[in-house]
Amino acid sequence: MIKPRLICSPVLMAFVLLLLALPLLTGCGGDAGNATRPEAERMMDAVSSERDYNRLLALADSLEKTGDLSEADSYFWQGFAYYRMMQRRTAEFCWKESINAVENADDAASLTTYTRSVSYLAGLYIRYLNFSSALKMLKPALTRLDKHGFTASGDYTNLLIFEGCCQAHFNAKDSLVNELFEKAYHRHLDHIGAEHSKEAYRNAVVGFINITYGWLSEKRYDQGLMWNDRLGRLLEDYKQRYADDEAYIDKQWARYKIFMAIGLEGLGRQVEAAEAFAEYQQTHFANSLEGKLDASDYLSMSGNWKEAADNLHHLDEVFVKEQVVFSMEEIQKFLLKKYHVNAMAGFVDTANAVANQICQRLDSAIIRSQLEDAEEQETIRMKEEQILHQQERLSRGRMIGLAAAFILISISFTIYTIVRQRAQRRLSRAHEELKTAYGQLEEATTVKERMESELRIARDIQMSMVPTVTPDYEGLDIFASMMPAREVGGDLYGYLLSNHQLYFCIGDVSGKGVPASLFMAQAIRLFHALATQDMSPAMIATSMNAELAENNEQSMFVTMIICRLNLKLKLLEYCNAGHNPPVIGNEDGQFSFLDMEPNAPIGLWPGLEYQGETIEYFNDRLLLLYTDGLNEAEDPKQEQFGEERIIKILSAMPSSTTHDIVEALQSEVKHFRNGAEPNDDLTMLCLKMMK
């Protein structure tokens, strides 16, 4: 029989609210390094980090239409945006559609999206105490991932913890709970042992915190302290490796101490609990809103009601400072706690004042909740309508296909019958028909040759739009190369020397083939026209975006790096519009990827103002610009060339010419592909400025 629980319990509420943060804290990008992930995913991450969620919705829809984002990934990002905008029902709808889109797929990309969407949706259910729905989804998800051996991701570890929390909610003594938590524990340790990265440590910290919260909320204080001890050892290890990360260490160490205080108090070890709480109060985190709420949990548990009331006395000022919007959830989480603490402390007037505040806030919170529900229902209705229209179109297409097939079969049968009946008469004409067939074949061959000739001409025209003669300037060594994956491509590069100013750029248009080449032609034409007007790279990017985004019905875009080098002053100005970061040779002779200000690709949204950057003294250094046909080149096993190989090759030829460097990289890519067809255009521009 399931025991009833008080869902307003301070520890349980904190536990439930933190659970949803687990997948959010581990990031939206999965486990793969950013450098090896598709460009569309990197763009979504960049917009997400800016917290512009309406723009994130538009970008997800646009990239799905261009084929750069799958239907499942598009729904995942829409769900993430709606969740961040506090529209949980719409987020739930989108994550369910994401899961449905890859329900029968077993490739790595689909399973990655599936795991991520299940993780977020389960966290959403648990936050709102819907443990049954979460558990119904988690069990088959883990079974499916185990079947495919897809168990190495951080999101898979999250699912283990989520199932353990759900099982603990229904029966905390079930041995399966410990099995799931221990399995997740060892996976976190394996990830740390393999990477020793901040991300691996932080993922483990969040996991240990959630499990500790879970046991404390169930009043299993011995289990809670055991997991809290593991958390403490992990934080000590993190502190030794990343001692400069002071704010993060302070916050997590404070949580470790308040957990210890709550656990010890629950076991009746009041003196030790008070000592742990005193250490907690020495942290900076203890003075934050969350820290004061955590402190009041312990003070209430230990019967120090007056201290708890004093701790929450200035809560209204903190609400104003933190801009807390009083929804039903905030009223339950904050104001009910303040009322309970003051009532238990005997502060009747304050408790009555808080009760009046709850009544005043409750009405507006209910109205706001109703409005938000209505808006979400309308959004979901529109999305369901959109899906229904798509299904109707597919259904009509299938019916038309079946009808056409039936007609074709009927015609074929009739023809076959007639042919059988007239076989003797047709034999006499066989020779003439054969001659006709040969004539048709010859005509088809001529058409094919004409099409190939036209594509070759298109390629020649495209190649003529990029410069072939390098600028002649003392001390300047520059070389560029473009190799389309098909007859025509979407990569571009260009440079222009005027009055000791060298403009140069590289870019990659979304998509492939003729449409990409046409968009590329527009982009390179605009670059040359604007460079002659002595504009900065940021101004050129802004002007190009205003031109290309207008009437862009196909939602095409181009990622670019635009640079201007003052050859006298050795001053390098540059602007990155959503492109891969270039490689720069540092003054110590080492090579690294240049940190750049993120800007959106050119052509997606009108009205953007692009930001530029400057290197004050660019002398005796190398700069390599490239498109993702270099770092994302694939061998027959679909493994990528990667960025480490680029650095390694450049480090081995520090004094070589730019021509030799570009040829060496092309040769290495060809050798790496080992006969596999190019999966993307390959363009490079290498520049050296000698003393």
Side-chain angles (χ1 to χ4, degrees), residues 28-29 33-69 73-74 77 489-494 504-512 516 519-520 522-524 526-527 530 536-550 552 554-563 573-583 593-613 623-632 643 680-681 683-685:
C28 299
N34 188 57
T36 60
R37 294 172 57 228
E39 183 178 349
E41 281 285 322
R42 294 200 296 270
M43 289 172 58
M44 300 302 295
D45 270 343
V47 176
S48 171
S49 65
E50 296 171 6
R51 300 183 180 181
D52 189 347
Y53 300 116
N54 284 314
R55 183 176 164 197
L56 190 66
L57 287 172
L59 184 59
D61 182 63
S62 176
L63 291 178
E64 182 188 359
K65 289 178 179 177
T66 62
D68 294 293
L69 207 63
D73 283 324
S74 177
W77 282 108
D491 280 5
L492 62 95
Y493 74 87
F504 57 98
C505 73
I506 196 168
D508 185 357
V509 176
S510 62
K512 302 287 186 298
F519 201 81
M520 167 267 189
Q522 287 183 281
I524 199 69
L526 286 170
F527 166 75
L530 296 170
S536 69
M539 291 173 63
I540 291 175
T542 301
S543 299
M544 288 181 67
N545 182 70
E547 179 72 20
L548 293 175
E550 185 176 358
N552 186 6
Q554 300 301 320
S555 299
M556 298 192 73
F557 59 88
V558 57
T559 66
M560 289 187 73
I561 295 178
I562 304 172
C563 305
E573 301 169 83
Y574 57 91
C575 175
N576 181 14
H579 199 75
N580 299 328
V583 179
F593 290 93
L594 181 62
D595 289 332
M596 308 185 84
E597 181 76 21
N599 288 290
I602 293 171
L604 280 177
W605 302 284
L608 296 181
E609 293 289 335
Y610 285 75
Q611 303 297 317
E613 299 171 83
L623 188 69
L624 173 68
L625 311 182
Y626 60 93
T627 60
D628 51 17
L630 176 61
N631 60 311
E632 294 183 5
E643 295 180 345
D680 206 345
D681 306 333
T683 303
M684 291 178 280
L685 188 153

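Numbers here simply count residues along the sequence, with the first being 1.
- Judged by distance alone, the side chain of Asn576 and the main-chain N or O of Ile561 form no donor-acceptor pair under 3.5 Å.
- Here the side chains of Met44 and Leu63 are in contact, with some heavy-atom distance below 4.5 Å.
- A distance of 8.5 Å separates SG of Cys563 from CG of Leu685, quoted to the nearest 0.5 Å.
- Looking at heavy atoms from C-beta onward, Leu59 lies in side-chain contact with Trp605 at the 4.5 angstrom threshold.
- Of the candidates Asn631, Leu625, Leu630, Ile506, Asn631 is the only one forming a side-chain contact (heavy atoms from CB on, under 4.5 Å) with Asn580.
- Between Leu69 and Glu41, some side-chain heavy-atom pair lies under the 4.5 Å cut-off.
- With sequence neighbours left out, the salt bridge (charged side-chain N to carboxylate O under 4.0 Å, His left out) criterion links Glu50 to Arg55.
- Atoms CG and CG, on Leu526 and Leu548 in that order, are 5.0 Å from each other to the nearest 0.5 Å.
- Contact between Tyr626 and Phe593 at its shortest, heavy atoms only, is OH-CE2, 3.2 Å.
- In this structure, Tyr574 contributes its side chain and Ala538 its backbone to no donor-acceptor pair below 3.5 Å.
- The side-chain heavy atoms of Asp68 and Ser62, taken from C-beta on, include no pair separated by under 4.5 Å.
- Nearest heavy-atom pair, Glu573 versus Ser536, reported as atom, atom and distance to 0.1 Å: OE1-CB, 4.4 Å.
- In terms of modelled atom types and a separation under 3.5 Å, the side chain of Glu613 and the main chain of Met596 share no donor-acceptor contact.
- Ser49 places a side-chain N or O within donor-acceptor distance of the main-chain N or O of Ala46, the cut-off being under 3.5 Å.
- Within 6.0 Å of atom CD in Gln554, 12 or fewer heavy atoms from other residues, nucleotides or ligands are found, so the atom counts as exposed in its surroundings.
- Taking the side chain as every heavy atom from C-beta outward, Trp77 and Asp45 approach each other to under 4.5 Å.
- Side-chain atoms of Asp680 and Thr627, non-hydrogen and from C-beta on, never get closer than 4.5 Å to each other.
- Tested against Pro601, the residues Met560, His579, Met556, Met43 include a single side-chain contact (heavy atoms from CB on, under 4.5 Å) partner, Met43.
- Heavy-atom minimum distance, Ala577 versus Ile602: CB-CG1, 3.8 Å.
- Atom OH of Tyr610 sits about 9.0 Å away from atom CD1 of Ile562, to the nearest 0.5 Å.
- Within the model, atoms CE of Met544 and CE of Met539 stand 14.0 Å from one another, a figure rounded to the nearest 0.5 Å.
- With hydrogens and angles left out, the side-chain atoms of Asp491 and Thr683 include a donor and acceptor closer than 3.5 Å.
- Residues Ser74 and Asp61 come closest through the heavy atom pair OG-N, 4.2 Å.
- When side chains are defined from C-beta on, Glu39 counts as touching Arg42, because their heavy atoms get closer than 4.5 Å.
- Shortest non-hydrogen contact noted between Ser48 and Leu56 is N-CD1, 4.0 Å.
- Atom CG in Asn545 sits 8.0 Å away from atom CG in Leu604 (nearest 0.5 Å).
- Put simply, CG on Leu623 and CG on Leu594 are 7.0 Å apart, with the number rounded to the nearest 0.5 Å.
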